[in-house]
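A short worksheet on the structure shown next.
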Amino acid sequence: MHDIRAIRENPAAYDAAWARRGLSGLTTRVLALDEDRRGKILASETATAEQNRASKEAGAAKARGDEAEFARLRALVTEKKAEIQSLTEDAAGQDKALRDLLMGLPNLPLDEVPSGADESGNVEIHRWGTPRNFDFTPKEHFDIKGVTPGMDFATAAKLSGSRFVVLKGAVTRVHRALAQLMLDTHVEEHGLTETWTPVLVKEEAMYGTNQLPKFAEDSYQTTNGWWLIPTSEVTLTNSVAGDILDENQLPIRMTAHTQCFRSEAGSSGKDTTGMLRQHQFEKVEMVTICTPETALAEHDRMTNCAQAILEKLGLPYRTIVLCTGDMGFGAQKTHDLEVWLPGQQKYREISSVSTCGTFQARRMNARYRAPGGKPEYLATLNGSGLAVGRCLIAVLENGQQADGSVDLPLALHPYLGGKTRIAADGILA
RNA sequence: GGAGAGGUGGCGGAGUGGUCGAUCGCGCCGGUCUCGAAAACCGGAGUGGGUGCAAGCCCACCGUGGGUUCGAAUCCCACCCUCUCCGCCA
């Protein structure tokens with residue numbers, strides 16, 4: 001959410017930045033509503049002040065025993081009440097209207113973010129590894145002979161429908177090993193704090209990290225009002241909601257491995273085969289809470305943390321900076337990591353690392369205080385480190401052999417009891 | 001799920017209808033004293049909003065939302081959360 005005062009002071013800057021996201025005329029609407037709101041507040045507070053004064057005088061009259069004056073003032077206050085009530089409702093209504101409007105407006109891209117209408121405007125900034133040369137045509141993960149016994153979409157469909165999977169045997173073990181490797185690396189080598197969180201949250205948490213109000217159809221809600229998190233960004237980031245932290249507690253760098261739930265509304269027809277896009281998947285997430293001044297450095301640090309996992313696994317990838325038209329709602333700047341999938345002959349997203357500046361902190365009212373200073377809004381960052389299911393796909397496709405077996409990355413072997421491959425019959429060997 | 005207790009400023013903890021935005025202690029900031037520090041003493045400081053060049057003034061906030069009253073942190077209702085005990089349970 002944006003600071004209405006900052007918009008008032010410099011509407012041109014906001015319009016210019018929003019224009020880069022393809023939005024125009026927003027500040028005109030915002031400022032008109034704000035002006036109306038302030039007029040309503042002024043009217044309401046002026047009337048309330050009059051009532052308060054009369055009320056106070058009534059008390060004084062009563063105290064000195066002036067019954068006639070007391071009766072007069074008492075009647076005056078009663079008379080004012082109805083008028084005040086409607087004025088107050090108007091003011092509150094306009095206040096909420098402005099808040100709702102601001103809640104629906106996306107973050108401003110940083111100046112250094114490239115302009116562009118869609119993903120074609122993204123800019124590659126880093127590339128690592130070389131896609132392997134296959135002496136056969138590499139298959140997609142769900143067609144690899146050694147994988148098919150362990151990846152059962154039919155049973156998942158019976159249980160839950162489309163976009164679900166049941167994993168079995170060796171594939172499951174590799175999936176679990178990947179999550180362990182990611183967590184251990186982040187904790188032991190990157191200094192993140194391992195965290196475990198609920199996956200059911202209150203509505204206000206979904207507002208804090210901007211899943212709501214705009215993207216309600218992308219997530220699931222329980223009958224009693226909880227939401228299933230689409231990412232543990234929600235729980236990790238909202239862990240500081242409403243807090244005033246001491247500056248010396250910062251930065252807070254967390255990681256968590258959780259289930260994630262997404263309705264995938266609007267993506268029908270996309271990635272329908274295989275387990276690339278599921279309603280339920282696992283992700284190791286990273287979240288950093290820090291001062292605004294350190295956010296960009298933390299953004300690069302977090303990007304490196306995600307890249308390190310892919311490098312450990314020997315998976316070729318590229319890093320791109322998203323252009324203004326492809327960035328998410330809450331981001332000021334985003335790096336996407338795309339891993340090479342030989343079965344598709346494409347780089348596909350496996351991680352997205354964003355800095356939100358103070359955008360989410362304003363929504364959550366999350367602040368920090370420097371020694372002797374006033375409370376200031378925090379900066380929040382989030383990134384995948386990594387999407388576990390997609391990482392599984394990448395490991396399987398990149399490691400596949402002509403006979404349908406899969407060679408597994410060295411870094412994973414300790415997590416597989418020393419086993420090194422999935423044989424063509426689907427057994428860990 | 002049942003019974004009980006409770007939710008007040010950074011923390012602890014008073015306050016049960018009328019200058020209470022709130023006593024006090026700790027912590028914090030500034031000062032006096034000191035070579036310096038500690039102690040002691042003096043002073044300062046909540047959050048958000050509106051208005052004003054400013055000083056300031058005004059409004060709201062004592063878990064949340066309603067209600068009673070001329071007036072509510074204080075009374076009433078509903079809800080949420082925490083703690084203790086019991087029950088149940090992975």
Side-chain angles (χ1 to χ4, degrees), chain A residues 1-9 30-103 196-208 221-227 235 238-250 252 258-259 289 358 361-378:
Chain A
M1 190 166 74
H2 294 288
D3 180 2
I4 181 62
R5 289 193 169 147
I7 297 176
R8 276 204 298 257
E9 277 164 26
V30 170
L31 293 179
L33 180 54
D34 179 49
E35 197 173 338
D36 187 42
R37 160 185 163 269
R38 282 149 70 203
K40 295 280 204 300
I41 288 173
L42 185 60
S44 149
E45 289 190 353
T46 304
T48 306
E50 284 171 21
Q51 187 201 350
N52 287 349
R53 202 179 315 119
S55 213
K56 214 170 246 187
E57 285 168 14
K62 181 83 173 168
R64 79 178 105 86
D66 186 345
E67 288 298 331
E69 181 66 359
F70 175 68
R72 189 186 72 81
L73 288 165
R74 187 178 156 165
L76 180 66
V77 171
T78 307
E79 182 188 315
K80 286 234 160 241
K81 272 182 102 173
E83 173 197 348
I84 288 168
Q85 187 177 359
S86 80
L87 287 173
T88 305
E89 277 166 15
D90 283 353
Q94 290 304 85
D95 204 46
K96 183 174 185 306
L98 179 64
R99 187 178 168 77
D100 288 348
L101 176 59
L102 289 175
M103 274 287 197
W196 189 93
T197 75
V199 297
L200 294 169
V201 298
K202 295 193 232 177
E203 186 148 276
E204 61 197 74
M206 295 286 278
Y207 274 92
Q221 191 173 25
T222 66
T223 51
N224 70 343
W226 285 326
W227 290 82
T235 45
N238 277 285
S239 66
V240 298
D243 289 348
I244 301 177
L245 305 174
D246 286 334
E247 188 176 19
N248 63 23
Q249 295 173 259
L250 305 174
I252 298 172
T258 68
Q259 302 283 336
I289 311 293
T358 58
R362 271 210 172 74
R363 294 172 159 249
M364 299 187 300
N365 197 26
R367 293 167 296 174
Y368 74 100
R369 197 196 302 266
K374 287 234 160 205
E376 307 277 358
Y377 287 111
L378 290 158

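Protein chains get the first letters and strands the later ones, always in sequence-line order, with residue 1 at the start of each. Computed from heavy atoms alone, side chains included, the values below leave out hydrogens, waters and symmetry copies.
Ion pair Arg53(A)/Glu50(A) not flagged as a salt bridge, since none of the NZ, NE, NH1 or NH2 atoms sits closer than 4.0 Å to an Asp/Glu carboxylate oxygen. Classification of Arg99(A) and Asp95(A) as a salt-bridged pair fails, no side-chain N sitting under 4.0 Å from a carboxylate O.
Shown here, A55(B) forms no base pair; nothing in the strands shown gives a Watson-Crick or G-U wobble contact with both key distances under 3.5 Å. The pairing partner recorded for U19(B) is none, the criterion being a Watson-Crick or G-U wobble arrangement whose two distances lie under 3.5 angstrom. In this structure, C88(B) makes no Watson-Crick or G-U wobble pair, since no nucleotide meets both defining distances under 3.5 angstrom. In this structure, G10(B) and C26(B) make a Watson-Crick or G-U wobble pair, each of the two defining distances being under 3.5 angstrom. The pairing partner recorded for A40(B) is U32(B), the criterion being a Watson-Crick or G-U wobble arrangement whose two distances lie under 3.5 angstrom. Using the Watson-Crick or G-U wobble rule with both distances under 3.5 Å, C61(B) pairs with G46(B).
Of the candidate nucleotides C70(B), G49(B), U51(B), U51(B) has the atom nearest to the side chain of Arg38(A). When the nucleotides A60(B), C58(B), U47(B) are ranked by their closest atom to the side chain of Arg367(A), U47(B) comes out on top.
One P atom belongs to U74(B), the other to C61(B), and the distance between them is 10 Å to the nearest Å. When the C1' atom is used for both G21(B) and G9(B), the distance is 9 Å, rounded to whole Å. Comparing the same atom, P, in C26(B) and in U82(B) gives a spacing of 32 Å after rounding to whole Å. Straight-line distance between the C1' atoms of A45(B) and A37(B): roughly 25 Å, to the nearest whole Å. Nucleotides G6(B) and G15(B) place their C1' atoms 16 Å apart, quoted to the nearest Å. Distance check on atom C1': U64(B) versus C80(B) gives 7 Å, rounded to whole Å. The separation of G10(B) from C62(B), taken at their P atoms, amounts to 14 Å, rounded to a whole angstrom.
Taking atom CD on Glu45(A) and atom C1' on C57(B), their separation rounds to 12 Å, with Å as the unit. Remark: P of C80(B) and NZ of Lys202(A) are 11 Å apart, rounded to the nearest angstrom. With rounding to whole Å, Lys96(A) atom NZ is found 18 Å from G49(B) atom C1'. Put simply, CG on Asn365(A) is 13 Å from C1' on C61(B), counting in whole angstrom units. The CD-C1' distance, from Glu247(A) to C28(B), rounds to 16 Å in whole Å. Residue Glu50(A) contributes atom CD, which lies 13 Å from atom C1' of C59(B) at whole-angstrom precision. Taking atom NZ of Lys56(A) as the reference point, atom P of C59(B) lies 7 Å away to the nearest angstrom.
Using a 4.0 Å heavy-atom distance criterion, Thr78(A) is classed as a sugar-phosphate-only contact. Contact annotation for Arg5(A): backbone-only contact, meaning every heavy-atom pair under 4.0 Å involves sugar-phosphate atoms and none involves a base. Among the protein residues, Arg72(A) comes within range of no part of the nucleic acid, since none of its heavy atoms lies under 4.0 Å from any strand. Residue contacts for Asn52(A): at a heavy-atom cut-off of 4.0 Å it reaches the sugar-phosphate backbone alone, with no base atom in range. Within 4.0 Å of Leu73(A), counting heavy atoms only, lies no atom of the nucleic acid at all.
Between Lys81(A) and G71(B), a side-chain N or O to OP1/OP2 separation shorter than 4.0 Å is present. Dashed line: the shortest gap from a side-chain N or O of Arg74(A) to OP1 or OP2 of G18(B) is not under 4.0 Å.
The neighbour count for Gln249(A) CD, taken as heavy atoms of other residues, nucleotides or ligands under 6.0 Å away, is above 12.
Side-chain atoms of Asp3(A) come within 3.5 Å of backbone atoms of Arg5(A) as a donor-acceptor pair (strictly under, hydrogens ignored).
Remark on RNA chain B: of its neighbouring residues Arg53(A) and Leu42(A), the 5'-side contact belongs to Leu42(A), judged by nearest-heavy-atom nucleotide.
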